[in-house]
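Just follow the structure's listing: the first ligand is 1, and inside any ligand the first atom is 1.
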Amino acid sequence: MELLSNTRASSEKRRVALVTLFFTCVIGLIAGLVFTAVINMRDQADHIDDARASRAVTAAIRSFQARISSTVRDNAVWDDAFKNIGSADAANWVYQNWGKTSEDYPLYDVVVVLTPNRTILGAFKKGAEFNAASDFGQSLTQLAARASTSGKRPVTAFVPTAEGIYLVSAGAIRPFSDNPPEGTLSTLFFAKRLTPEVIGQLDDTFDIGGLRITASPDRHLLSMPLLGDSGRAVAYLEWPRRTPGSQTFDGVYRSLLLAGVLFISFILAIIATAVAIIRSLQRDAVSATFRATHDGLTGLLNRAGLLDGIDTAKISSGEQPALALIDLDGFKEVNDAWGHAIGDELIKLVAQRLKENLPHARMICRLGGDEFALVDDANDIGANSAALIQALHEPFRIGGRTIEVGASIGTALFPSDNPDGFELLRRADMALYEAKESGRGRVVNYRTALDFQRHQRTEMEAKLRLAIDRREVRPAFQPLVDAKTGSLRGVEALARWTPETGPVSPDVFIAVAERAGLIDELGRQIVEMAVEVVSPWNNVGLSINVSPVQLRNPDFAALVQTILDAKQFDPNRLTLEITEGVLMSNPEQAKRTIARLKAIGVKFALDDFGCGYASIGALREFGFDRMKVDRSLVTALKDKKGAGVLSATLSLAKALDIPVTAEGVETQEQADILTRSGCDQLQGYLVGRPMGSKQVEEAFLNSIASRQRRATANKRKQTG
Ligand code: C2E
Ligand code: CA
Ligand code: CA
């Protein structure tokens, strides 16, 4: 049971842990996904904007290039220009048409014209002549070479100068429709310096924001190379990133952070709850295990705890374990006399005394009721058991009362041939049974012979049950005679059982019947049969033995009354013989039964008087009609001491004013002494052994009948 609750608790713990783990993982995963999605969106938005800005810058440069290049084309592919460049007034023509306009023309601020053999025909910057060769160096001739081979389409390139970067466009000056031979054409250059204002205009027009020119770009900014004639970067345009994603992200960052904190708190709360649940499950399991294996009243281990412990003791190395079962003697009487509260208190004190006396015992348990168990090393169990018998014999004090009990102990060594806790318990139980049967207050060690005895007992039980079913147990009758006249007063019915193996003493089979719960039925049959037999014997009394077990049965009185009614047997003729045992166990029920039967006239005799310890008060309380002096007292008459005990016993009866029958009278001498001492009835082999009804009739009744017949005849004679 404990194992079961343990596995249940641990599987529950596992389940809670798994569910929590799963839940936490799923939530964590979802949170992770949401977070990466947000980060991705941020980066993606930034990236998209970066690309847009790059495209805008590219478009700005292209449009800038396209504008200057189409202006060069318009001016270079021009019949007038071609004609005038070849004239003597060429230099003046260049100044008049282009040099002058460079002063304030928005599309270019430098104009250069190279002759076909690449000498400068004219060079103007902002309307004034300047030294183009020193400012622009080799790039002019290189561009002129490219322009000469590109037809009507001008070429452009960014050119670094001491002043700054210029966008230069070059086109061959040629007539619109003719195609003059290569090497005969002059070249027109327009150039526009990339001043901060120019860059600013581009920036505005293309909505870039913060565009500027630089020689080497900053890693953290976006940039685009400005390519020179050779195709290499001569400078860079750079501008800051807008990062709309990051900006949006920054806007929601606090909320996200708060959500994250809440989220982590939530998960922590879940984990904390799960841990609390697991802890409480653990605590529950521990306390359930404790409850399953311990006795509530004493806190000692219980039967389940003992069996668990035996299993552990079995596997743990060390000395061979042994078990002692301890049963209190007289506990039931304490419970009956003082009530259950005192009984419980006594059990607690016994547990305490066991612990005090056996501080080093391997295990001390309470198996229930008044039964305890001790597991110890095989070598110690004998000595410890003997010590316990002593210890438990010492009186207990409870609320001003002094209570004495005793103990019987059965011990068994751990069976090496059959290593099982139940078998160990069974063996110790067998030994305990024997200890109680053989007189209580002793220690009996298990031996295989006990198994055999038990077997015989159960066999006898079965046989007796069958015999009772078949009404084979029948009464014999022993005469009870008047001590003075010797005439028959009554008979005592004594149960007789003779199976084919030979007669069994009632001392044996009555005890078996009591143990096996057969005594009520057996007692009923004896009363029925005896009443049936004795009924026709006018005026002869009938004594029947009743065991304490029968008297405890609340139906007993009604049962006797029913039989008497059925047989129309005068209750005044019936005496029930009971022993002192009745006074000990459940006296209240016994008193009720006795009172009810006495009310209809049934009499009660105290059997085996003189060998017990009944107090005078108790005897008076029960209102016995007769006492039967025990045979042992009669036998003891031989010596002086015995005679003293007998006369003391008889004077007690006299004081109580109760008539006395002497049992077991075997000699005339005994009969004489007993009669003189005041016994008014005798019973024993001297008078007659227990016998069949026929024998009673022949030996006693016929003589009575013949005497009566004679007496009536005499009377008739006298009267007649
Ligand atoms: P008890 O009631 O004391 O019965 C008297 C016993 O003494 C009988 O033994 C009887 O045979 C024996 N006895 C009588 N006179 C003499 C004598 O002069 N010398 C010797 N040595 N013995 C004598 P028994 O029949 O073996 O019965 C033993 C006990 O069994 C009885 O003791 C009684 O307590 C019990 N018993 C017998 N029959 C019944 C019964 O029907 N119901 C119950 N509950 N108990 C019964
Ligand atoms: Ca008797
Ligand atoms: Ca007796």
Side-chain angles (χ1 to χ4, degrees), residues 464 467-468 471-481 483 489-498 502-534 541-553 556 559-560 563 574-582 590 593 603-612 624-638 660-671 673-674 679 681-692 695-696:
L464 181 62
I468 293 170
R471 298 175 77 87
E472 284 170 3
V473 183
R474 307 191 56 83
F477 299 92
Q478 187 173 30
L480 300 158
V481 298
R489 287 290 183 76
V491 290
E492 176 177 359
L494 291 162
R496 289 293 175 263
W497 179 34
T498 313
V504 182
S505 157
D507 283 326
V508 174
F509 72 78
I510 293 292
V512 171
E514 283 179 348
R515 258 198 324 259
L518 300 169
I519 190 68
D520 288 328
E521 175 58 17
L522 175 61
R524 193 181 64 81
Q525 289 188 11
I526 293 291
V527 174
E528 246 173 25
M529 292 176 191
V531 165
E532 170 109 42
V533 168
V534 176
L542 170 61
S543 290
I544 298 179
N545 295 287
V546 176
S547 88
V549 181
Q550 286 172 276
L551 223 54
R552 278 205 293 271
N553 178 0
F556 180 74
L559 189 133
V560 171
I563 296 171
L574 181 64
T575 303
L576 296 181
E577 297 188 3
I578 56 180
T579 56
E580 279 176 348
V582 172
T593 303
K603 298 191 176 53
F604 281 83
L606 178 66
D607 210 350
D608 303 341
F609 178 53
C611 62
F624 286 111
D625 303 285
R626 176 168 286 280
M627 289 179 178
K628 294 185 77 174
V629 176
D630 192 60
R631 186 162 59 86
S632 61
L633 262 66
V634 175
T635 321
L637 269 180
K638 288 194 294 289
V660 177
T661 303
E663 285 189 309
V665 185
E666 293 184 352
T667 65
Q668 190 56 52
E669 192 193 353
Q670 289 169 339
I673 299 175
L674 290 159
C679 292
Q681 267 188 17
L682 300 179
Q683 174 182 13
Y685 293 173
L686 178 69
V687 184
R689 293 188 173 239
M691 55 188 93
Q695 286 171 281
V696 177

Participant: Tell me which part of A495 gets within contact of ligand 1: side chain, backbone, both or neither, using heavy atoms under 4.0 Å.
Facilitator: both
Participant: Would you say S543 reaches the Ca ion (ligand 2) with an N/O/S atom under 3.0 Å?
Facilitator: no
Participant: For ligand 1, is there an atom lying under 4.0 Å from some heavy atom of G664?
Facilitator: yes
Participant: Got an N/O contact under 3.5 Å between I519 and ligand 1?
Facilitator: no
Participant: Could you name the option among N545, T667, V665 that has the heavy atom nearest to atom 42 (N) of ligand 1?
Facilitator: N545
Participant: Would one find an N, O or S atom of D608, in either backbone or side chain, under 3.0 Å from the Ca ion (ligand 2)?
Facilitator: no
Participant: Any atom of ligand 1 sitting under 4.0 Å from a heavy atom of R689?
Facilitator: no
Participant: Verify the distance test for E577 against the Ca ion (ligand 2): any N/O/S atom under 3.0 Å, yes or no.
Facilitator: yes
Participant: Let me confirm one number: the CD-CZ distance from E663 to R631, rounded to the nearest 0.5 Å.
Facilitator: 8.0 Å
Participant: Is the closest N or O pair between Q683 and ligand 1 shorter than 3.5 Å?
Facilitator: no
Participant: Would you kindly specify which portion of R496 sits under 4.0 Å from ligand 1, judged on non-hydrogen atoms: side chain, backbone, both or neither?
Facilitator: side chain
Participant: Where's the contact between I526 and ligand 1, heavy-atom distance under 4.0 Å: side chain, backbone, both or neither?
Facilitator: side chain
Participant: Hey, is ligand 1 close enough to S505 that some N/O pair sits below 3.5 Å?
Facilitator: no
Participant: Tell me whether E492 reaches ligand 1 (any heavy atom closer than 4.0 angstrom to a ligand atom).
Facilitator: yes
